[in-house]
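Below you'll find the structure, written out as structure tokens, and then a few comments.
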Amino acid sequence: MVRDLSTTLCDVELDNPVVPASGTFGFGAEMADIYDINCLGSISVKGTTREARFGNPTPRIAECSSGLINSVGLQNPGIDTVISHELPHLRKIFRKPIIANISGFSIEEYVECCSKIDKEEQVEIIEVNVSCPNVHNGGMAFGTSAESAAAVTAAVKAVTTKPVFIKLSPNVTDIVSIARACEEAGADGLTLINTMLGMRIDIARRRPVIANKMGGFSGRAIFPIAVRMVYQVANACHIPIMGCGGVATAEDVIEMMMAGASAVQVGAENLRNPFACKQIIDSLPEVMERLGIERLRDIIGVVK
Amino acid sequence: MKQVVFEVISNRQLTDSVYQMELAGNTEAITAPGQFVELSVEGLFLRRPISVCNYDDGKLTLIYKVVGKGTKQMAELSVGAKIDTLTGLGNGFNDSIECNAPLLVGGGVGVPPLYRLARNLIAKGKSVTVVLGFNTASEIFYKEEFETLGANVVVATADGSYGIKGFVTDAIKEADIKSDLFYSCGPLPMLKALCSTLDIDGQISLEERMGCGFGICMGCSIQTASGAKRVCKEGPVFGKEEILW
């Protein structure tokens, strides 16, 4: 039997639910050198801000049990260069819809970047990152209160025509209230979760491993937290969810979808296994067969 | 970049903390001395980046220092063990730069990538001088191997227990080494001292803590004279003039 892997995010049809998460796949070029990335459902490209950013000092990476902490700090070439250089190149190597990921330090910056990226034909979904833990006075600050997350959502929705997904932070006491506020402010979908704020200490040197002291913890270790948050939000909201956090296998994709995700992002796993997304997609039909799943979209939110 | 499962042929101790591992497997993706590989180590999330010491058809030589969990596990691997590896990472040294008497300077565990570079340069008929810097005599490794290649080898130890007492910069001065191009890999203070004291062109290999090792995570970015660069992708080797000290 042919297994149907397709899924839908708002009106955007994806061949399969597997999407590399922003910041773990660049703008596709490095990965296209090692396999045909057209097997992916879509790509959430590197988080983009108005100005070019170098990001935080190094070390930016700390190994953890079943994951890593990063404090890259939104290094990116800026929205104009992304539009003039990165997206045209991506168009040549990837023929499917892409997800643009936008970050900012003020509502005005989110608005400006989103209105620019909205005009890009290949961009079919705009993912608004209100949850980066690695920058001060922006990023996560917007995603940790319902009011500010809603304010960003409403402002961005006013200047865009494409579906807007708000990428939420897990570093909150009540993810549901923030998700609901975004939905009420007009969000078309939600991505959850971004990284968890974490820290490691070099006990020989008695100082933090990461130059910026703290960073975002991701990887397999956070999968149960991501599943829980997707489940909670899916049961409280009526907009589609991209599940993200610790996904490493086809089974994880299915679990995340059963929790309520319509598509599933793979992040940290790409850093240790560059073939992770492809391998997950390749093994999905077999796992579906084993579990008696004919159409992947049938399992979205089946767990109540 | 290529993913290859290598098999351990030998894994032996060179000094108290430095090991040499020989691996069998496809080395086609390695195209320049100074490139690195990333080894997957059981139970650890990220791969371990290790510079390539030498490579031939079907055989790879790595030298690594045991500094943490990952390298400790590597040291415990037996002959026949399989290692999931990404090979051919980074740019490597340019061994085709016009020169007559290249100077290769290695500090501690920065020595290994210079081995294949020396081999290539000697094969091109260059008169190669290698300066190796270590803290103390018991840490010295690969001196004979460089000599066997045909390089003129000078050793410096910080405590004076072997060769010239002092740093590699002291050794270069004391041995009165004449050179028209240098290549180096080692601790940052050493690289900085070299770049500021040698008034010839040079290429240096940098080290930075990495996430992916193949250019997608921006974990190892540095600022250079020509903008932000990834140590794992545009590096690890940079021209001396690129570095903003």
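Naming convention: chains lettered A, B, ... in sequence-line order (proteins, then strands); numbering from 1 in each chain.
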Review point. So do the side chains of B:Arg230 and A:Gln75 get within less than 4.5 Å of each other, counting heavy atoms only?
Key: no
Exercise for review: Give a yes or no answer on whether the side chain of A:Arg60 reaches the backbone of B:Cys220 with a donor-acceptor pair at less than 3.5 Å.
Suggested key: no
Review point. Around atom CG of B:Asp57, are there more than 12 heavy atoms of other residues, nucleotides or ligands at under 6.0 Å?
Key: no
Study note, to complete from the structure: In terms of heavy-atom contacts, B:Glu208 and A:Thr58 come closest through OE1-OG1, 2.9 Å
Study note, to complete from the structure: If you tally heavy-atom pairs under 4.5 Å between each of B:Gly213, B:Cys217, B:Gly70, B:Ser40 and chain A, the highest tally belongs to B:Cys217
Check your understanding: With a 4.5 angstrom heavy-atom cut-off, which part of B:Gln223 approaches chain A: side chain, backbone, both or neither?
Key -> both
Exercise for review: For B:Ile216 and A:Leu271, work out which heavy atoms get closest and say how close.
Suggested key: CD1-CD2, 3.7 Å
Point to revise | Heavy-atom pairs under 4.5 Å with chain B, option from A:Asn70, A:Asn56, A:Leu68 with the top count | key: A:Leu68
Study note, to complete from the structure: When the 4.5 angstrom heavy-atom criterion is applied to A:Phe275 and chain B, the contacting part is side chain
Revision key, fill the gap. d(A:Ile210 CD1, B:Arg209 CZ) to nearest 0.5 Å is 8.0 Å
Point to revise | Within 6.0 angstrom of A:Glu286 CD, more than 12 heavy atoms from elsewhere | key: no
Review point. More than 12 heavy atoms of other residues, nucleotides or ligands under 6.0 Å from CG of B:Leu244: is that the case?
Key: yes
Study note, to complete from the structure: Greatest number of non-hydrogen atom pairs under 4.5 angstrom with chain B, of A:Gly67, A:Gly26, A:Ser66, falls to A:Gly67
Review point. Given the options B:Lys2, B:Glu38, B:Arg48, which has more heavy-atom pairs under 4.5 Å with chain A than any of the others?
Key: B:Arg48
Point to revise | Atom CG of B:Asn94: over 12 foreign heavy atoms under 6.0 Å | key: yes
Review point. Any side-chain heavy-atom pair from A:Asp33 and B:Met1 closer than 4.5 angstrom?
Key: no
Study note, to complete from the structure: Between A:Arg220 and B:Phe45, the two heavy atoms sitting closest are N-CE1, 4.0 Å
Practice item. Go through the atoms of A:Ala268 and report whether side chain, backbone, both or neither lie under 4.5 Å from a heavy atom of chain B. Key: both
Review point. Taking everything shown except B:Glu42 itself, do over 12 heavy atoms lie less than 6.0 Å from its CD?
Key: no
**Study point:** Contact origin within A:Asn76 toward chain B - heavy atom pairs under 4.5 Å
**Key:** neither
Revision key, fill the gap. Assert top hit (heavy-atom pairs under 4.5 Å, partner chain A, pool B:Gly68, B:Gly211, B:Gly219, B:Gly43) equals B:Gly219
Check your understanding: Hey, does the side chain of A:Glu63 reach the backbone of B:Leu46 with a donor-acceptor pair shorter than 3.5 angstrom?
Key -> yes
Practice item. Please check if atom CD in B:Glu207 has more than 12 non-hydrogen atoms from other residues, nucleotides or ligands closer than 6.0 Å. Key: no
Point to revise | Under 4.5 Å from any heavy atom of chain A - which part of B:Lys69 | key: neither
Practice item. Verify the neighbour count for atom OH of B:Tyr142: are there more than 12 heavy atoms of other residues, nucleotides or ligands below 6.0 Å? Key: yes
Check your understanding: Taking all atoms of both residues into account, what is the closest heavy-atom pair of A:Arg272 and B:Leu44, and its distance?
Key -> NH2-O, 3.5 Å
Check your understanding: Take atom NZ in B:Lys240; do more than 12 heavy atoms of anything else shown fall under 6.0 Å from it?
Key -> yes
Check your understanding: From B:Cys212 SG over to A:Ile61 CD1, what is the distance, rounded to the nearest 0.5 angstrom?
Key -> 8.0 Å
Exercise for review: Could you tell me whether the side chain of A:Ile34 reaches within less than 4.5 Å of the side chain of B:Gln3, counting heavy atoms only?
Suggested key: no
